[in-house]
Novice: 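Before we start, here is the structure in question, set down as structure tokens.
Note that the coordinates shown come from a computational prediction; the quantities given were computed from them, not determined experimentally. Just so it is clear: chains get the letters A, B, ... in the order the sequence lines come, proteins before strands, and each one is counted from 1.
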Amino acid sequence: MNDAATLVKSAPVQSTPRRRLDFFAIAVRFQSVIGLILVAIGGVIFSPRRHGSILFLAPDNIANIVRAISETGIIAVGMTFVIITAGIDLSVGALLSLCSVLTATIMTTWGWGLVPTLLFVMTCGALFGCTQGAISTRFRLEAFIVTLAGLQVARGLALVISNNQYINISYGNGPGLAPPIFSVLGDRLFDNTVPVATLVFLVVAIVATFVLNFTRFGRYVFAVGGNERAARLSGVPVTLVKISVYAITGLVSAIAGIVHAGQFNFGSANDGTGYELTAIAAVVIGGTSLFGGSGSMIGTIAGAIMLGALANILQLNNINAALQLLATGAIIVVAAVLQSLVRRREGLGR
Amino acid sequence: MRCVSGKARFWSNLVLGAGTATLVAGAAQAAPLVKECSKTGEFVIGFSQANNAEPYRQHVNDQLTAAAKKVPQFKLQIADGAGNVNTQTSQMDNFITQKVDLILISPFEAAPLTPVVARAMKAGIPVIELDRKTVGEPGKEYTAFIGGDNFKIAEEAGKYVADKLLPQGGEVAVLQGLPSSTPAVERLNGFKSGVKDNPKVQVVAEQAADWLPDKAQTAFAAMLQAHPNIKAVYASNDMMAAGARLAAKGAGKLDQVKILGTDGLPGPAGGIRAVAEGEWAATFTYPTGGPEAIDMAKSILLDCAEKVQTVVTVPTTAITPDNAKQLMQN
């Protein structure tokens, strides 16, 4: 530990000068957990029942919810890093589809084994993110613009590589066939209950929580988002941190793309559309400020699960998708307004 | 019209002087659809595709290209409208500037592309609309429309469920496409109309999954929770059927739930293979109209047709375990 690190450690405190025991602020900090509890209570109340049991709480149904959010959840976890640095990454959904296409193509057409394929695709994803971060910092461009371009590039590459087709993955041993073990991503373990895709989400979430909360890099991320200038003056390698967070979103998008390919047995250039918005929604609902400097991984994870649970309860009642959009929109607004109120009370404006 | 012109000629021959006016009028009406048509020469056909970035659209392009290749006089140019009416309009304008001999178009949206189609017609270029229409009267505002009938295709799927799959009746579910698109609405209504054949068949759940496999999997998993006795699911496209199968597998109900798709795309990820391998009960092709469009172009450009059928509805093919294997080999 050196002086810089000590300084950085105090950075989040700097950004919230008049911190006191404020139940409102604490509630907002954990708004997504509270929101998740509220949605769960609503889910139980409005759940269809069968033979007296509540369908919403059926283990099968819980498994369905957590499976459905695993891909956007993985992405949201990475997105949290970027948004804490006051950045944004719009390329994640397109990158997911590019990586699903790559995975399928490499395993079926190129005939690579499982491990080289996964390493290669994850490297590609991380490098893609790295490039976006480097362009954004080197040329001082808004991440919004750079990653918007990245979205187009990734989608374009996916279309070129896949020739606008779904790249089917067949399993077996031999040329043109993927290793059967890869299909495990679409399965459920422990007596058909725990979706493997969700386990991947869980692992990514645990690693990310550790990195954000218990490493120097995590403190740097908060410092860069809280006050970039102060961070730079106190010796934080700001440019490197910024590039790294985009590398992280690139990497998690690749992981989500691999999970997508494994779950659906194909790679497609058309999937993942709008995932970036779902992921950003989960992060914002999770209490991470779009202005950077504060946020929590637990919040993001709860936010992602809440969105999934909300969709599920509406679907269980056969309510149409329009209402789902309305409800999600309302929740995002409420989450953002609450955060804004807290910031104002803390004298930060905006 | 050919008949009218024949009559005109007959009368003009009979009443030489007085008949001339009739002949002129008749001939004007009976003129070929294009100024220059012949069995020989080279004809450029421009195809303005709504959007290249979908497997179905690629399938249309493939079928059109294959059909055009069989006619040595034809040269096909495909322009990608990229799902954007503005892009598509400028590509249509380019075709008009290039003076292509005939235009095929799948308009991304109806109203915004109506003016540019009118411009092409005014410039003397016949326009055949594929799969989607612009606003206006076929035969006047555009030359002809060729496409499938979404309602009828889904209705046939519904009848198949009512008569063949579930004669004893049972609960069924529908996965709808993007609700704001007309095919999604037509396919939903068509299916519901088809299953009415059998009053014992009951549509217990319908959800929009926006044509996407991942959304379909999530939605159908919830449907199976809420209605554990669902015996069949109609997916409004093949990819949602693939998603529905994963949900049924997750719920351990692969044996119980019959899955139906729509589009019947070829290729390893398409519906034909899924039916051939017993993964789904059936899928219903949404015809591209590609071969029919090239046939019509032939009669306009090579045979100097004076009139063509203005609305051509291409029927669906039901792909069932009976014919899927054979279709796979084609």
Novice: Identify the residues of residues 258-267 of chain B whose heavy atoms come closer than 4.5 Å to a heavy atom of chain A, ordered by number, or report 'none'.
Specialist: none
Novice: Quick check: under 4.5 Å, non-hydrogen atoms only, which of residues 302-319 of chain A neighbour chain B?
Specialist: N312(A), L314(A), Q315(A), L316(A), N318(A), I319(A)
Novice: At what distance, to the nearest 0.5 angstrom, does CG of N265(A) lie from CG of L246(B)?
Specialist: 6.5 Å
Novice: Please give me the minimum heavy-atom distance between A222(B) and N64(A), naming the atom from each residue.
Specialist: N-ND2, 4.4 Å
Novice: For F266(A), which atoms come within 4.5 Å of any heavy atom of chain B: side chain, backbone, both, or neither?
Specialist: side chain
Novice: To the nearest 0.5 Å, what is the distance between CD (Q225(B)) and CG (D60(A))?
Specialist: 5.0 Å
Novice: Of the backbone (N, CA, C, O) and the side chain (C-beta and beyond), which part of A58(A) lies under 4.5 Å from a heavy atom of chain B, both, or neither?
Specialist: side chain
Novice: Is chain B contacted by the side chain of Q324(A), its backbone, both, or neither, given a heavy-atom distance below 4.5 Å?
Specialist: neither
Novice: Using heavy-atom distances under 4.5 Å, tell me whether Q217(B) contacts chain A through its side chain, its backbone, both, or neither.
Specialist: both
Novice: For R245(B), which atoms come within 4.5 Å of any heavy atom of chain A: side chain, backbone, both, or neither?
Specialist: neither
Novice: Under 6.0 Å from the OH atom of Y171(A), do we count more than 12 heavy atoms belonging to anything else shown?
Specialist: yes
Novice: Going from CG on D214(B) to CG on L96(A), what distance comes out if it is rounded to the nearest 0.5 angstrom?
Specialist: 9.0 Å
Novice: Using every non-hydrogen atom in the two residues, find where Y166(A) and P55(B) come nearest and quote the distance to one decimal.
Specialist: CE1-CG, 2.8 Å
Novice: State, yes or no, whether a side-chain contact exists between R67(A) and T218(B) at a heavy-atom distance under 4.5 Å.
Specialist: yes
Novice: Flag the pair N168(A) / R273(B) as yes when at least one side-chain heavy-atom distance between them is below 4.5 Å, and no otherwise.
Specialist: yes
Novice: Using a cut-off of 6.0 Å, state whether more than 12 heavy atoms not belonging to L325(A) lie near its atom CG.
Specialist: yes
Novice: Rounded at 0.5 Å granularity, tell me how far CD in E277(B) sits from OG in S170(A).
Specialist: 7.5 Å
Novice: For D62(B), is it the side chain, the backbone, both, or neither that has a heavy atom closer than 4.5 Å to a heavy atom of chain A?
Specialist: side chain
Novice: Enter the distance from L212(B):CG to T273(A):OG1 here, rounded to the nearest 0.5 Å.
Specialist: 6.5 Å
Novice: For residues 247-255 of chain B, give me every residue with a non-hydrogen atom less than 4.5 Å from any non-hydrogen atom of chain A.
Specialist: K249(B), G250(B), G252(B)
Novice: Can you measure from CG (N52(B)) to CG (N163(A)) and round to the nearest 0.5 angstrom?
Specialist: 10.0 Å
Novice: Pick one of side chain, backbone, both or neither for P179(B), based on which atoms fall under 4.5 Å of a heavy atom in chain A.
Specialist: neither
Novice: How would you list, by chain and number, every residue that makes a salt bridge (charged side-chain N to carboxylate O under 4.0 Å, His left out) with K231(B), sequence neighbours excluded?
Specialist: none
